[in-house]
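For this chain, numbers begin at 1 and follow the sequence in order. Read the numbers this way: they start at 1 and go in the same order the structure lists the ligands and their atoms.
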Amino acid sequence: MTTASPSGGPRFRFAPSPTGSFHVGGARTALHNWALARRLGGTFVLRIEDTDEARNRPEWTQGIIDALEWIGISASDDHFEGPHFQSANAEGHVAAAQRLFESGAAYYCDLSGQEVQDRAKELGITGYDGYSRDRGLEAAPGRVLRFRVPEGSTIVHDAVRGDVNFDNDTIEDFVLLRGNGSPMFLLANVVDDIDMAITDVVRAEEHLPNTPKQQMLWQALGATPPRWAHVPVLVNEQRKKLSKRRDKVALESYRDDGILPEAMVNYLMTLGWTPPGAEEAGSEIFSWAAMEEAFDLSDVTLSPAFFDIKKLVAFNKQYIKNMGVEAFVAAVDTDLPAEWDRSRFTAIAPHIMERLERLGDARELVDFLFLEEGADPELDHASWDKATKPEWAPALLRDVTETYASLADADWNHESLKASMESVMANYEVKLGKAQALPRVAVTGRSVGPPLFEAMEVLGQAETVRRLRGAVHRVEVPGTPE
Ligand code: GLU
């Protein structure tokens, strides 16, 4: 069943068309091929299907290469081959068409698209009825070359769906070369697969209707068809197929939002497949190495897979939490203003990593630490009003401020800051959550953010006390301009 591969191992391929931004569904297909090629000691061939001149743009090709790199499919890996460009094999496509014509497997037809439609209407059929099968036409401008679909049926052995049987009666004599002599997708795709000694075609389910036609072409060209696998499509919350127009499908938009590549890769792999052991472990978080080791097409489900952005974000949260401070700081570095002191950011980093859903949220959470000396954070007025409301709040704020002002340098750490707050709040019989509210808004400008005592430790005594005193002044003298 297997076409020999130069390296001996199976040859997978990923064959995107550079006609738009890189789709998350394409990323998942690429990962499936990558996992299998690597695990089985084979090759992942990247072929850019750039023959649709009207829709191709060279920058999309670079986008594909960058996107693959981002998800760990690296052109420098030994298992990677390419990129090859479909356009480079234009002569091969036409030569194959010529061979099919000469062997009688294909024939020319001079009906225009409109004439085919009119005929179908007249005959009460759908599609093309084989009108020119036996007319013996030669090639000429305006004539299309059609494949002579044999009688019988075509069985596609599919690693995900098992045997799929197609009745050849339902397949019209499809076009291989257009009237201007240019090859159609079906032909170019097969000729390239044969020329590149592809042994395994793993792609999205939407290509399944093409497969019997392509399998016939493999056979008519004297080659052994590859192993096929069609993985389920991705759908949105309404169970509609993900679409560029309706849904957020561009991989780079997730990258730009601060989704980590590891989280994206892990999440994409779980669409239609559950890593073995996930249920027992109660978690689908798996390393690439573990998934590569375990991924098998026979375990892929048949039903469409819901691309759930909320779940992706939950994965991302886990990955950010576990990524290590150094890696985290490096990953957000480009999002941070150049003037922000990196050692200060590194000091607060462990306290925000646990709560971030996306890398991009980091900046806003800690910006209060980087205001110029003496500049007060922009107050969130609703939070300020709420925090100042309790009767005891202004007095507690004043006491805490003075306690903090009198702390020795050596005691300026989150443990003592917390202990001091606790001793002050005992006089007011309030709990920590409530006691912290006003100091938090005073120091950070907001009611949410990193843990307050750690934040104050990083901010330093002088600046923290200055901000707290400013707030004391504001609550005691209502109406004071901020
Ligand atoms: N260029 C085709 C696509 O992007 C390739 C399909 C295939 O994998 O055979 O859909």
Side-chain angles (χ1 to χ4, degrees), residues 3 10-37 42-58 60-65 67-68 71 73 81-90 92-93 96 154 156-161 164 174-176 182-218 221 223 225-234 241-244 249-251 268 272 297 300:
T3 308
R11 288 174 62 81
F12 292 82
R13 77 345 176 232
F14 178 56
S17 309
T19 53
S21 53
F22 193 73
H23 192 291
V24 287
R28 185 188 56 152
T29 301
L31 288 169
H32 287 163
N33 281 285
W34 185 240
L36 293 166
T43 305
F44 172 101
V45 177
L46 173 62
R47 180 173 74 236
I48 306 290
E49 301 213 317
D50 59 344
T51 39
D52 184 349
E53 281 169 22
R55 294 171 61 219
N56 285 327
R57 285 209 259 128
W60 297 128
T61 297
Q62 192 54 46
I64 291 168
I65 294 169
L68 291 176
I71 55 174
I73 302 181
E81 180 186 305
H84 298 298
F85 291 87
Q86 184 154 72
S87 54
N89 197 19
H93 306 148
T154 302
V156 169
H157 303 291
D158 188 290
V160 175
R161 355 200 114 240
V164 190
F174 50 96
V175 176
L176 301 173
S182 68
M184 295 287 283
F185 157 74
L186 283 174
L187 174 70
N189 185 262
V190 166
V191 172
D192 289 351
D193 280 345
I194 294 174
D195 289 356
M196 293 174 191
I198 298 303
T199 58
D200 293 77
V201 170
V202 178
R203 59 185 177 182
E205 186 186 6
E206 64 203 11
H207 286 291
L208 186 60
N210 292 327
T211 309
K213 300 178 191 170
Q214 294 195 308
Q215 182 161 297
M216 291 180 214
L217 279 175
W218 278 79
L221 288 165
R227 286 178 285 255
W228 304 102
H230 292 85
V231 297
V233 288
L234 303 186
K241 202 178 128 191
L242 284 192
S243 100
K244 283 206 260 230
V249 297
L251 191 71
L268 286 172
L297 288 165
V300 172

Taken in chain and number order and not counting sequence neighbours, the residues that satisfy ring pair (Phe, Tyr, Trp, His ring centres under 6.0 Å) with His93 are none
Could you give the distance from CH2 (Trp228) to CG (Leu297), rounded to the nearest 0.5 Å? 14.0 Å
Nearest non-hydrogen protein atom to atom 8 (O) of ligand 1, with distance, is Arg13 NH1, 2.8 Å
Could you tell me whether Ala15 and ligand 1 have an N or O pair separated by under 3.5 Å? yes
Taking only heavy atoms of Arg203, which atoms of ligand 1 are found under 4.0 Å from at least one of them? 7 (C), 8 (O), 9 (O)
Quick note on ligand 1: atoms under 4.0 Å from a heavy atom of Glu49 include exactly 1 (N), 2 (C), 5 (C)
What part of Thr29, side chain from CB on, backbone N/CA/C/O, both or neither, has a heavy atom under 4.0 Å from ligand 1? neither
Ligand 1 atoms nearer than 4.0 angstrom to some heavy atom of Ser17 are 1 (N), 2 (C), 3 (C), 4 (O)
Asn33, Thr211, Asn210 screened by side-chain hydrogen bond (donor to acceptor under 3.5 Å, both in side chains) with Arg203, the one that passes: Thr211
Taken to the nearest 0.5 Å, the spacing of Glu81 CD from Phe44 CZ works out to 11.0 Å
Can you tell me how far the CG atom of Asp193 sits from the CZ atom of Arg11, to the nearest 0.5 Å? 10.5 Å
Strictly under 4.0 Å, does any heavy atom of Phe185 approach an atom of ligand 1? yes
Using a 4.0 Å cut-off to any heavy atom of His207, which atoms of ligand 1 qualify? 3 (C), 6 (C), 10 (O)
Distance, nearest 0.5 Å, that separates CG of Asp50 from OG1 of Thr61: 6.5 Å
